[in-house]
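Read through the structure below, which is laid out as structure tokens, and then see the notes.
Remember, it's 1-based here, ligands and their atoms both numbered in the order they're listed.
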Amino acid sequence: MASSSSIIGVSSIYQTNPSLELSRRPTATPPLSLPFSTEKSNFHVHVRLRRPFLASAVVTPNSSVLSEEAFKGIGGFGKDSLNVSESEYDSEDEVEDNESNEDELAVSKLGLPHRLVEALEKRGITQLFPIQRAVLVPALEGRDIIARAKTGTGKTLAFGIPVLKKLSTDEEMRNTQRRGRLPKILVLAPTRELANQVEKEMKESAPYLNTVCIYGGVSYATQQNALSRGVDVVVGTPGRLIDLINNNTLKLGEVEYLVLDEADQMLAVGFEEDVEVILEKLPPQRQSMLFSATMPGWVKKLSRKYLNNPLTIDLVGDQDEKLAEGIKLYALSATSTSKRSILGDLVTVYAKGGKTIVFTQTKRDADEVSMALSNSISSEALHGDISQHQRERTLNGFRQGKFTVLVATDVASRGLDIPNVDLVIHYELPNDPETFVHRSGRTGRAGKEGIAILMYTGSQRRTVRSLERDVGCKFEFVSPPSVKEVLESSAEHVVAALTGVHPESVEYFIPTAQQLMEQQGVNSLAAALALLGGFSKPPSSRSLITHEQGWTTLQLTRDSENSRGFLSARSVTGFLSDVYSPAADEIGKIHLIADERVQGAIFDLPEEIAADLLNQELPPGNTISKITKLPALQDDGPAGDFYGRFSSRDTRGTRGGREVARQEGEEVIGSSVVIGALAGLYLEEAETEALVVHVSIVGAVVTEHLNALTKGTTRSIASSEDKGVLSICDTYEQQQDPRLFPPESTIPSKLHMALPMIN
Ligand SMILES: Nc1ncnc2c1ncn2[C@@H]1O[C@H](COP(=O)(O)OP(=O)(O)OP(=O)(O)O)[C@@H](O)[C@H]1O
């Protein structure tokens, strides 16, 4: 259908002259009633920002530029980040521009129908956001458009304003309030929640038009009745739209404007077939627009099938960070088991009393995590197995602040615009970088700030690095909040909540408060704060190493005069079995203290056993104490995830670490691990239970061969316990699979040789 396409985007700006020729097709659209001239055949693209690739490309039909005002309130577009180079501007132009820019962005001065302006202003929409400004003119001119702009930057109104303007004008001209009229605008969205939201936005912006939302999981009758009354705008999800098309209730033969919101998802495998069925019912003469915050290359290629000579408006740019500017990113390493206990603390410390969305991979996880959280924090789950009625109730409750944590699958990752979501937690890694962008984009919207935290396990480190690369972002790596931080944050929340107590209610409590203060002083107030913060009992102990609840981290130190040789993980367990054998049986992780002047180790014990151990008498020269902060450790601390031994309670069969392998390898672990351990290999417990060898520490000889084996990539090699060789394999399953496990003959002999050499 279409032949070529034009692109307006950040990258194109840096490669071309600021004045960009755009090919256009003749349009049957009536002349624009915008205050600025549209007669020129060129669009002019202006860049106000010095920072390369910052999303600031703006298409304007004349040569004026956007004022800084226009960027206010949009994350990262504030005055500071504008960093405007004065030399970029002709000062005369600038004086003129300051006034005309205001006009070009002021919703009231765009020549939009009065009632549309009124409705927008009522919603607080008085100035256009950049994507809205960039899309407006070409959209009004009837161009097909592919638009990419970051999450929360106003894409809904970017397509909403022009199509509603056109329809309002047309509708005014035709005065078609007749029953049974067919829809002129069709917006397709991937989820019911998003369809609902877009419908609401369209309805509120143009209440005089009849907008109907069509999606599954609810009765057909209401939707059919609404359609039969006559409709201007249909917003819907593909499945139910097709049902209604098939039973002849929905006729799309008069659609003039088609929008695919979250276009990359709409055109992804699984959705595209349905979309195609719907598009076949539309008149070929129509204007089509694709919007999303992520637009992989394949979408642009595929879209040629559906669009006519589309104009690409890209306010993201290929090399720029693809997340909205106001989102601060953290990454936190945790084991699968410790994630749950850490989650509540993250919410307390990072959400600052606002709303949080936690994303899980599976519906079951969403239910379980939400259930576990709701013991301490009000939380509900949202996923595709929940009835539509309940899904809507949950989302409304969340919007209204009836509960503060929504635990959701990716059904909530795209498009949802919920006020005051201050925190997004990726409880599980997203499937792809696009999902990461969309999930994270539920916070930091419309210029606000937000926080996104990625939780990952030791074996997912490389994925985290690739995410950084793909999204162009940087994580700040953090540890789980300490108990102290949690208590302090919850005290802050309680204090903030106190300001919301009505003075009249306060009055009633003054006599009791006075009495308490006289009797107990500040303790009474502290007790009240603790109670309100949910800490009527002291917070349960948790490991400083794994952060799992119910564990206590203890430190053993030994006077150097009394020590017989250096401490090792094995000698710690030996010592404990002499002093209090349950401690030796139940011990969790063990780490040796890095300070050479100190003979010491830290280790985890179940809370009660730790308490018992602390009451035991110790041989002279030994001290065991509970610690609140980890000392520097020989193996760099918990990141290595070493277990002190094969704990009988550890159902995942975690592996021994370097120290233990040195001591116990021959007895417990296979011979190759011993080789690895003796060679100083850094063994890590991986999710898959494969033993992952960090290549960088393997040493020159092996690295060389490893690089040859893996063609220079950083694939891990796993240790085969039974064959006594190192072999390449990524997962435990592979390691166990005789078809995948490379027979010895395929392993280069030099690698064979390298190991004994190191050994
Ligand atoms: N011109 C404007 N002035 C003030 N607020 C606006 C303006 N345009 C949009 N908004 C508000 O900004 C918020 C984000 O808009 P919207 O949901 O359209 O973002 P989006 O770009 O579609 O995000 P996503 O990629 O996540 O779908 C909404 O609350 C919307 O009402």
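- The backbone and the side chain of Lys155 each have at least one atom closer than 4.0 Å to an atom of ligand 1 (non-hydrogen atoms only).
- An N or O contact shorter than 3.5 Å is missing between His438 and ligand 1 by distance.
- In summary, the atoms of ligand 1 found under 4.0 Å from a heavy atom of Arg442, numbered by their order in the structure, are 26 (O).
- Between Ala446 and ligand 1, a contact under 3.5 Å exists for no N or O pair.
- Glu392 and Gln388 share a donor-acceptor pair across their side chains, judged by distance under 3.5 Å alone.
- With ligand atoms numbered from 1 in the order given, ligand 1 contributes 14 (C), 16 (P), 17 (O), 19 (O), 20 (P), 23 (O), 24 (P), 26 (O) to contacts under 4.0 Å with heavy atoms of Arg445.
- Smallest separation of non-hydrogen atoms from Ile386 and Arg391: O-CD, 3.4 Å.
- Taking a cut-off of under 4.0 Å to the non-hydrogen atoms of Glu262, the atoms of ligand 1 that pass are 27 (O).
- Heavy atoms of Glu201 come nearer than 4.0 angstrom to ligand 1 in at least one pair.
- Every atom of ligand 1 is numbered from 1 in the order shown, and the set under 4.0 Å from a heavy atom of Arg123 is 31 (O).
- For Gly152, the closest heavy-atom approach to ligand 1 falls below 4.0 Å.
- Distances from atom 22 (O) of ligand 1 to the heavy atoms of Thr156, Leu315, Leu128, Asp417 show the closest one on Thr156.
- Between Ser379 and Ser370 the shortest heavy-atom distance is OG-OG, 3.1 Å.
- In Gln127, the part holding a heavy atom less than 4.0 Å from any atom of ligand 1 is the backbone.
- We find that Asp417 and Arg445 are joined by a salt bridge, their nearest charged nitrogen and carboxylate oxygen being less than 4.0 Å apart.
- Distance from atom 3 (N) of ligand 1 to its nearest protein heavy atom, with residue and atom name: Phe129 CE2, 3.5 Å.
- For Tyr456 and Phe436, the ring centers sit 6.0 Å or farther from each other.
- Protein heavy atom at the shortest distance from atom 9 (C) of ligand 1 is Gln132 NE2, 3.5 Å.
- Lys155 forms no cation-pi arrangement with Phe159, by the criterion of a distance under 6.0 Å to the ring centre and an angle within 45° of the ring axis.
- The Lys150 neighbourhood of ligand 1 comprises atoms 21 (O), with distances under 4.0 Å to a heavy atom of that residue.
- With respect to Glu276 and Lys305, a salt bridge is recorded, a charged nitrogen being found less than 4.0 Å from a carboxylate O.
- A donor atom on one side chain and an acceptor atom on the other are not found under 3.5 Å apart for Ser168 and Arg115.
- Not one N or O on the side chain of Lys448 forms a donor-acceptor pair closer than 3.5 Å with the backbone of Asn420.
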